[in-house]
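Taking it in order: structure first as structure tokens, then the write-up.
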Amino acid sequence: MAEITAKMVGELREMTGLGMMECKKALVETQGDIKAAEELLRIKSGAKANKVAGRVAAEGVISQFINAQANVGALVEINCETDFVAKDVTFVGFAKAVAQVIAEQAPADVAALAELKTADGISIEETRKAVIAKLGENMTIRRFQRFATSGKVATYLHGTKIGVIVDYVGGDEQLGKDIAMHVAASKPVCVSKEQVSSELLDNERKIYTAQAAESGKPAEIVAKMVEGRINKYLAEITLLGQPFVKNPDQTVEKLLKEKGASVNQFTMFVVGEGIEKKVVDYAAEVAAAAKV
């Protein structure tokens, strides 16, 4: 059998991005044939990815990409199992590459995205499996939002855990960033009161009416109390009705009018939002192990 040198292991590691021991084992198994070892690792990488696919991935990052000249932007959430891996440069680099592909190639959904290729000619799915093989954790592309507009696109990332993308018209780049930051801080449900569903309003009105009726006041007073509560509720959940986070004396609606701007739509992602995380009781595990 050919001698497995450190140079060979290093070369294979550079080609695959996998760990040193995995590369050495592959070279031993293929009797020093680097090409065969690379193919073997690609096969094993896929197997490794499949093996961890059932694990809950509720950590991760939000990544973004904007092409200001084309008025196109993308926001994507990619999940992993631990915050440690979420900070890894390979994982973060993968997330950035995915965001760029979304912005530039406009996939219809996550399934279509998986088949698209990055700048290096490798598909998103192949790249995902390679990163899984290298870092040893399950990883999923959960969701994305792409805006292509005749106006402008702005994004805001609060660390890597909260991301916002805004489609707006008028104003300048700073205004777009300020609005995106405001969304991240104040979490509006929609842009304006016209976009609030009648079902939601009817439900809130029903609750407020029942609460106001307990005051024992006349019906006409109760009706005014309810409408006052509804108006306050709409101001709290709509972007235009909220006090601007950088100047609470001014609503976002007034800010936009002052700047000659308007917001068409926005999306906010929070890492792991809605994913049921597995709670591990390490003390119980240690206690159980001690009894064995």
Side-chain angles (χ1 to χ4, degrees), residues 62 64 66 68 70-77 102-103 106 108-109 142-158 162-213 219-270 273-274:
I62 307 295
Q64 61 84 32
I66 286 183
N71 300 324
V72 172
L75 195 71
V76 62
E77 177 184 355
I102 293 167
D109 51 33
R142 185 185 183 194
R143 53 185 173 172
F144 67 83
Q145 179 67 66
R146 179 183 185 272
F147 287 155
T149 175
S150 57
K152 302 173 184 177
V153 179
T155 59
Y156 172 76
L157 296 179
H158 188 72
I162 299 174
V164 175
I165 184 167
V166 178
D167 169 7
Y168 70 107
V169 179
D172 54 17
E173 184 179 339
Q174 186 59 51
L175 176 66
K177 290 180 179 178
D178 283 346
I179 294 299
M181 182 182 67
H182 172 92
V183 171
S186 301
K187 301 174 177 59
V189 174
C190 54
V191 175
S192 66
K193 61 184 180 181
E194 289 77 20
Q195 295 174 345
V196 179
S197 72
S198 57
E199 279 184 69
L200 182 58
L201 276 182
D202 288 344
N203 187 60
E204 291 300 314
R205 186 173 278 107
K206 180 180 177 181
I207 293 170
Y208 295 153
T209 300
Q211 291 173 342
E220 63 272 16
I221 301 298
V222 167
K224 289 181 180 179
M225 290 171 64
V226 170
E227 288 311 305
R229 291 285 301 275
I230 288 293
N231 289 333
K232 182 181 179 182
Y233 173 72
L234 289 171
E236 289 172 350
I237 68 168
T238 60
L239 173 65
L240 298 183
Q242 292 178 337
F244 179 43
V245 70
K246 293 176 83 172
N247 179 12
D249 294 330
Q250 181 181 44
T251 64
V252 173
E253 182 174 23
K254 288 181 179 178
L255 170 68
L256 291 171
K257 284 182 179 179
E258 183 182 285
K259 301 291 185 179
S262 61
V263 173
N264 294 323
Q265 55 187 330
F266 66 83
T267 295
M268 180 174 76
F269 291 155
V270 178
E273 184 178 40

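None of these values were measured; they are calculated from a predicted model. The figures here come from the full heavy-atom set of this structure, side chains too, leaving out hydrogens, waters and symmetry mates. One is the number of the first residue; the rest follow in order along the sequence.
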Shortest non-hydrogen separation from [X] to [Y] and the atoms involved:
X	Y	answer
C190	Q195	CB-OE1, 3.4 Å
P248	P243	O-CB, 3.5 Å
Y156	A180	CB-CB, 3.5 Å
G171	A261	N-CB, 3.8 Å
V270	R143	O-NH2, 3.2 Å

Between [X] (side chain) and [Y] (backbone), is there a donor-acceptor pair under 3.5 Å?
X	Y	value
R146	A103	yes
K187	M268	no
Q64	A74	no
S186	P188	no

Working to the nearest 0.5 angstrom, can you tell me the gap between [X] [atom1] and [Y] [atom2]?
X	Y	atom1	atom2	result
N203	S198	CG	OG	11.5 Å
N264	K152	CG	NZ	12.5 Å
L175	Y168	CG	OH	6.0 Å
F144	I62	CZ	CD1	13.5 Å
I207	I230	CD1	CD1	9.0 Å
K232	I237	NZ	CD1	13.5 Å

| task | Any chance you could lay out the side chain to side chain contact (heavy atoms under 4.5 Å, CB included) test for L200 and Y233, step after step, and finish with the verdict? | result | CA-CA 11 Å; L200 182 58; Y233 173 72; 3.4 Å; yes
Are side-chain heavy atoms of [X] and [Y] found at a separation under 4.5 Å?
X	Y	answer
V153	V72	no
E227	R205	yes
R229	Q211	yes
F244	H182	yes
S150	N71	no
F266	L239	yes
L75	L157	yes
Q265	Q145	no

| message | If the condition is salt bridge (charged side-chain N to carboxylate O under 4.0 Å, His left out), which residues does K177 pass it with, not counting sequence neighbours? | response |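 Expected list: E173.
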| said: For a quick check under 3.5 Å, do S197 and E199 share a side-chain donor-acceptor pair by atom type? | reply: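 No, because no side-chain N or O of S197 sits under 3.5 Å from a partner of the opposite role on E199.
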Using residues 250-259 as the side-chain source, report each donor-acceptor pair under 3.5 Å to any protein atom, sequence neighbours left out, with the distance given to one decimal.
unit_1: Q250; atom_1: NE2; unit_2: E258; atom_2: OE1; d: 3.1
unit_1: T251; atom_1: OG1; unit_2: K254; atom_2: N; d: 3.1

